[in-house]
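What follows is a short report on a single structure.
Here is the naming used below: chain letters follow the sequence lines, and residue numbers restart at 1 for every chain.
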2 protein chains.
Amino acid sequence: MAVAARGAGSAQRILDLAERLIQVRGYNGFSYADIAQVMQVTKASLHYHFPSKAELVRRLMLRYAQRFRAALDEIDGRSAGAIGKLQAYVALYTGVLADGRMCLCGMLAAEFATLPVAVRTEVTRFFDLNEAWLATVLEQGRRAGELAFTGQPREAARLLVASLEGAMMLARTYDDVARFQEAGHRLLSGLSGKGAAAPRRRSASGAVM
Amino acid sequence: MAVAARGAGSAQRILDLAERLIQVRGYNGFSYADIAQVMQVTKASLHYHFPSKAELVRRLMLRYAQRFRAALDEIDGRSAGAIGKLQAYVALYTGVLADGRMCLCGMLAAEFATLPVAVRTEVTRFFDLNEAWLATVLEQGRRAGELAFTGQPREAARLLVASLEGAMMLARTYDDVARFQEAGHRLLSGLSGKGAAAPRRRSASGAVM
DNA sequence: GTCTATAGGTGGATAGAC
DNA sequence: GTCTATCCACCTATAGAC
C-alpha cells in the first residue's frame, strides 16, 4: 500500500536517467555524478538504491527487456499482417532515435568488451529475443505470401536487426532521423513480396527501446 | 635520413596500440596507461609524442583515413566488376573482425556524443567517403547490368554501409565471424542482378579498417 | 533515504631532471 | 625521448550521522 504513495520512485527515476545517459553517451561515458546532478542528490544516495554501477545497469537491462517484450506483444496483438508488424517494429527504433537516443543494447554492444559479465548476458539475450521474434514474423509472412526472401527466416532476421542497429547509429551520427527512415523503408521494401511497402511512417507512442 | 633509422617509430607504435584499443574497448574505454603498459614506458613518455588524447585520436583518424583510401584505390585497380569490388569491400570488414576488432569509425560512431569535435569531423568524413565510393560502384554496376536495386545509388550505399557496420557489431558481440559473413553474403545477393553472388570468401591481406 | 566525509583508485596532463 | 614526481579532477564505493 505505502508502495503506491511515492510518485514514480527514486529507483525508477535513477533508471530512467541512467538509461538515457547510456543511450547517448554509453556505459563508459556516464557516471553516478551525472545522475546525482540532475536529481539534485548526492552520489552516495544513489548507492543506497543501487550498490554498484554494474548492478544498476543489470537492473536497468531487466526492466528494459520487460518493457521491450511488452512492446512486441502489443505489436502482435495490434497488427495482423507481417508487413504491419515489421513497420511497427521499425517504428520502435524511429521513436527512440527521434529522441536523440541509440538503442540501449546497440550502444552496449559497441562497448561489449568493457561490460560487466552480467550485463553482457542481458545484451545478447536482447538480440536473441529480437531475432526470434522477427524470424517468426518473417516466416509467417512468407508463408502467407505477404513477404519474399531467400534462405532461413532466422538469417533474414539477423540481417534485419543488424541493419537497423547500424542505420540507427549512422543516422544519429549525422543527427538525421530521415536517414534511418530511408534505411528502414528500403529494408522493408526488400522483404515485401510486391514492390515497395507503403512508406507510412508511424512514430512509436512511448519510446520502449 | 636519420628518420629511417628507428624501426617503426614510437609514434606509429602508439597509434597502432591506440587503434586496436579503441576498436576493442572504445574511446572512453582505453587510457594512456593501457598503451604505456604494453610499450613498457611511462604515461609521460606518451605525452611527448601526443600532447593530448584528443590529438592522439585525431592523428590516428588521419592515418586511418589515408590507409583506407589506399585500400579503396587498390580495390579499384584490382577488381574490374562491381560485384568483385563489393566482395573485396566486404572482405575489408571481415579481415578486421576476424582479428576481434570493430571498424574504428563504427566504434567511435557509438560514442559520438562524447568525442572531441575534431574527432567527430573525421568520423563523419570516413562514412562520407564510404558512401561516395560505394555509390559510384553501385551506379556503375547497375548501368552495366551487373547489379540490380531500386532508387538512388547513394541511398543504397548508405544502407549497405549501415548494414555492414551493424552486422559487424552484432557478430563481434556473439564472437562469431560467420554471422558477419552470412550478412555480407545476403547483402551482396540482394544487390546482384541474377540470384546469389558466388559465396567466395576472401579475407583481406592486411587489415586496413 | 539522504546527507557529510572520505577512502582508494584512475583519468589526462605538466614540470623539470637526465 | 624517457624518466620521476606531482597535480587536480573525477571515478566508484563505503562508513556513519541524521
Side-chain N or O of A:S45 closer than 4.0 Å to phosphate OP1/OP2 of C:dC3: yes
Rounded distance (Å) that lies between atom P of D:dC10 and atom CG of A:D34: 11 Å
Distance in angstrom units between A:I14 CD1 and C:dG1 P, rounded: 10 Å
Basic-acidic side-chain contact under 4.0 Å: B:R58, B:E55: yes
Distance-only side-chain donor-acceptor flag, A:S192 / A:S189, under 3.5 Å: no
Rounded interatomic separation in angstrom, taking CG from B:L56 and P from C:dG11: 15 Å
A:R125/A:E122 ion pair, N-O < 4.0 Å: yes
Nearest-angstrom distance from the residue atom CD of B:Q37 to P of C:dG12: 14 Å
Any A:V57 side-chain heavy atom under 4.5 Å of A:F50 side chain: no
B:Q12 CD to D:dG1 P, straight-line distance once rounded to whole Å: 13 Å
Distance test, side-chain N/O of A:Y48 to OP1/OP2 of C:dT2, below 4.0 Å: no
Nearest-neighbour nucleotide for the A:S10 side chain, D:dG1, C:dT2, C:dC3 considered: C:dT2
Spacing of B:E55 atom CD relative to C:dA13 atom P, expressed in whole Å: 11 Å
Gap between atoms CD1 and P, on B:I35 and C:dG11 respectively (whole Å): 11 Å
Closest contact, heavy atoms only, B:A135 versus B:A157: N-CB, 3.6 Å
Letter per nucleotide, 5' to 3', of nucleotides 12-18 of chain D [B base touched, S only sugar-phosphate touched, - untouched; heavy atoms, 4.0 Å]: BBBB---
Approximate separation, where rounding is to 0.5 Å, of A:F112 CZ and B:M169 CE: 11.5 Å
Phosphate OP1/OP2 of D:dT2 contacted by B:T42 side-chain N/O (<4.0 Å): no
Spacing of B:M39 atom CE relative to D:dG1 atom C1', expressed in whole Å: 11 Å
Geometric class of the B:Y64/B:F68 ring pair [parallel <30°, tilted 30-60°, perpendicular >60°]: parallel
